[in-house]
Amino acid sequence: MKITWSVYTVLCFLSLGIVSGCDEKTNELSTAASLLKPCPGFEETGKPPVVYGAQCGELGVKENPQDAQSAEIKIAILRLPAISPVAQADPLFLIQGGPGGSSIEMANQLHGFFADIRKNRDLIFIDQRGTGKSNPLHCEKMSPLDANLPDAAQLEKQLDIMRACVEKYKNSLPFYTTWHAVQDIDAVRTALGYQKINLWGVSYGTRVALEYSRQFGDNTRSIILDGVAPTEIALGKYSARDMLAALTAVSNECMAQTECAAQYGNPLEKAEIVYSRLRAAEEAGEPIQVTYRHPRHQQEATQRLTPRAFSLLMFMALYTRDMTVLLPEMISHAEQENYQLLAALLSLASDQAYKMNIAEAMHFSVICNEDWPLISASDRATTPPFFGFNPIEDKAAICAMWPAAELPADYWEPIRSTVPALLLSGKYDPVTPQVWANSVANTLPNATALVAEGGNHGVSTEGCMPQIIAQFIERASMEGVNRDCVAQIKTLPLVLGANQAANVSSDAENVSSSSAQASSSATVMEGAQP
């Protein structure tokens with residue numbers, strides 16, 4: 001039943017005589033009504049699902065908060081009001097990763113997992129400045145056909161694209177950092193009439209939540225950090241190390257599973273063989289190409305298998321549990337020079353990368369101003385790559401030409417806060433492993449860290465995690481919350497299907513079956529950015 005303001009006001013006066021609380025809620029409704037409008041299908045995102053009560057709007061802020069004459073930009077907002085007519089005063093703000101991802105677009109896939117929280121609290125999704133519908137800073141995209149260029153040619157084309165992008169946005173780029181973004185979040189909090197808020201962030205979104213708690217600690221009730229990425233992670237500096245650790249963990253798990261070890265052998269050793277073979281073929285000017293059927297539409301296509309593409313595919317597959325299970329099979333087939341599954345997975349990864357709505361210019365404004373300053377010349381010279389993929393060198397040329405932002409001198413200091421915090425990690429996470437949650441917890445005395453032994457990058461939707469998050473937010477504490485169920489988030493079997501080796505009659509059937517699962521999992525990869 002829809003409750004009008006007048007009826008709601010009457011209910012407030014009759015309910016326990018809490019007149020002051022009702023005045024605050026009425027003021028909040030009035031403020032929000034001037035800012036938001038119904039959007040049950042999230043029309044602003046062009047997505048189809050219908051969500052009861054959804055409201056959308058935008059708030060104008062200065063691009064340069066320090067300059068009253070600066071241009072105004074619009075911050076896009078989605079609110080999913082609490083189901084209860086007497087909601088708790090502190091909502092949950094949910095922040096996407098990337099950097100450069102749209103939180104409002106994330107809402108379409110994510111809001112159902114937070115249904116328990118929405119029973120009593122509003123859910124707020126804000127497109128961070130430079131992303132989604134908040135003055136997005138997009139660069140030209142590489143074409144899927146570019147995947148058939150040599151690695152060096154792909155990198156050179158990407159660099160040309162970024163040069164043009166810098167020229168396009170050069171006057172704006174210094175104002176699209178995390179430091180600026182959290183001020184927008186607090187402006188939205190004020191505009192919607194909230195006193196305190198809870199924040200949930202995934203991957204880079206955890207940095208935003210942490211920075212908000214530093215700048216606006218008095219307005220922060222609790223934070224949930226899933227895949228913790230503080231500034232000291234220096235995205236790129238430790239990426240190769242963390243990728244290799246995740247792949248090694250998967251390889252060890254395969255060797256510990258009798259059927260996986262018997263069927264696929266040692267995935268890490270075989271991956272090294274595949275990479276060396278692809279690299280030798282490229283250097284000899286005789287690249288390996290494979291003709292295969294695309295798993296989405298079954299049309300025949302040809303894929304060039306470069307060493308870089310193989311490395312990136314292994315990295316991408318480590319993002320999610322259901323893609324990770326395909327790694328031992330894909331690597332084993334490729335080692336036997338059967339590249340059908342490898343090509344199929346590459347095509348899915350390429351398609352998803354092309355469709356991702358990552359705002360590239362905002363992405364590099366964060367990376368080059370917040371992470372790159374922590375990477376030294378020594379780091380560049382001594383950090384070993386991940387199967388030839390060197391995240392530091394990939395960023396070096398781009399960050400060298402990126403406009404600099406002015407950030408506070410203490411921006412890179414560890415964030416010290418007494419705000420209740422829940423830190424979540426996945427054992428097989430290739431980019432934000434548990435080590436970063438442990439580091440952050442050292443300066444958050446009210447933090448609880450949980451690890452999903454079978455989890456990858458982002459575990460909030462796995463197993464009982466949604467219920468644990470809901471209980472944590474209800475209490476603003478983990479006291480009394482049973483977290484034993486987290487142990488049930490186990491590693492998935494790394495051999496698809498029971499007795500698959502005996503039942504599958506041909507490689508073609510095997511590839512078709514595996515590609516089908518990969519296709520169903522590919523949407524998860526859309527957010528696969530560190």
Side-chain angles (χ1 to χ4, degrees), residues 97 109-110 112-114 200 202-203 206 224-229 242-264 266-268 271 313-332 345 422-438 441 448-472 478 481-498 500 514 517-518 520-528 530:
Q109 289 78 38
L110 197 68
F113 292 99
F114 292 85
W200 173 92
V202 62
S203 194
T206 66
I224 301 96
L225 311 177
D226 187 357
V228 186
D242 293 342
M243 292 175 201
L244 182 59
L247 181 61
T248 301
V250 171
S251 183
N252 291 341
E253 180 62 30
C254 180
M255 296 301 291
Q257 293 181 14
T258 303
E259 191 175 0
C260 185
Q263 190 163 334
Y264 301 134
N266 187 317
L268 185 59
L313 177 59
M314 289 192 292
F315 169 48
M316 294 287 282
L318 287 164
Y319 263 82
T320 64
R321 295 173 82 202
D322 42 3
M323 289 297 291
T324 296
V325 300
L326 298 172
L327 270 173
E329 180 179 8
M330 180 272 286
I331 293 171
S332 178
L345 295 180
L422 177 60
L423 282 53
L424 307 177
S425 305
K427 178 180 177 180
Y428 300 106
D429 190 334
V431 64
T432 57
Q434 183 186 0
V435 62
W436 298 112
N438 293 343
T448 300
L450 300 179
V451 181
E453 290 295 319
N456 292 64
H457 186 61
V459 298
S460 290
T461 62
E462 301 285 2
C464 63
M465 282 298 191
Q467 290 73 42
I468 287 180
I469 293 171
Q471 292 177 58
F472 169 76
M478 281 297 288
V481 178
N482 187 330
R483 73 286 303 267
D484 293 346
C485 59
V486 176
Q488 300 305 312
I489 304 175
K490 299 181 182 298
T491 306
L492 297 177
L494 295 174
V495 177
L496 300 179
Q500 186 187 46
S514 300
Q517 173 161 345
S520 69
S521 307
T523 54
V524 181
M525 297 172 66
E526 290 189 34

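Residues: numbered from 1 along the sequence shown.
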- Begin from the C-alpha positions of T432 and H457 and carry the test side-chain contact (heavy atoms from CB on, under 4.5 Å) through to its verdict. CA-CA 7 Å; T432 57; H457 186 61; 3.1 Å; yes
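- Scanning for side chain to side chain donor-acceptor pair (under 3.5 Å) contacts around T324 gives N456, with sequence neighbours left out.
- Side chain of Q257 to main chain of L494: a donor-acceptor pair is present (N/O by atom type, distance under 3.5 Å, no hydrogens or angles).
- One distance of note links OG1 of T448 with CZ of R483; it measures 5.5 Å at 0.5 Å rounding.
- Looking at S203, its side chain never comes within 3.5 Å of a backbone N or O of G97 through a donor-acceptor pair.
- Evaluation of the salt bridge (charged side-chain N to carboxylate O under 4.0 Å, His left out) rule for E462 yields R321 as partners, not counting sequence neighbours.
- Once rounded to the nearest 0.5 Å, the distance linking CG of L423 with CG of N438 reads 8.5 Å.
- Residues D226 and G458 come closest through the heavy atom pair OD1-CA, 3.4 Å.
- Across all their heavy atoms, P430 and L318 have their closest contact at CD-O, 3.4 Å.
- The backbone N or O of A229 lies less than 3.5 Å from a partner atom in the side chain of T206, making a donor-acceptor pair.
- One distance of note links CG of N266 with OG of S332; it measures 10.5 Å at 0.5 Å rounding.
- With a 4.5 Å cut-off on side-chain heavy atoms, M465 and V486 count as touching.
- Contact check for V459 versus I489: no side-chain heavy atoms found under the 4.5 Å cut-off.
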- Item | Derivation of the side-chain contact (heavy atoms from CB on, under 4.5 Å) call for I469 and S460 | CA-CA 8 Å; I469 293 171; S460 290; 3.5 Å; yes
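- Y428 and A246 get closest at one heavy-atom pair: O-CB, 3.4 Å.
- Checked against M314 for a side chain to side chain contact (heavy atoms under 4.5 Å, CB included), the options L345, L244, L247 give a single hit: L247.
- Qualifying side chain to side chain donor-acceptor pair (under 3.5 Å) partners for Q471, counting only residues two or more places apart in sequence or in other chains: none.
- Considering all non-hydrogen atoms of both residues, L422 and F472 come closest at N-CZ, 3.7 Å.
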- Verdict with supporting geometry, Y319 and V431, side-chain contact (heavy atoms from CB on, under 4.5 Å): CA-CA 8 Å; Y319 263 82; V431 64; 3.8 Å; yes
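- Taking OH from Y264 and CD from E259, the interatomic distance works out to 8.0 Å, rounded to the nearest 0.5 Å.
- Considering all non-hydrogen atoms of both residues, I331 and A271 come closest at CG2-N, 3.5 Å.
- Among all heavy-atom pairs drawn from V228 and W436, the shortest one is O-CB, 3.4 Å.
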- Kindly indicate, with the supporting measurements, whether the criterion side-chain contact (heavy atoms from CB on, under 4.5 Å) is fulfilled by L450 and L424. CA-CA 5 Å; L450 300 179; L424 307 177; 4.0 Å; yes
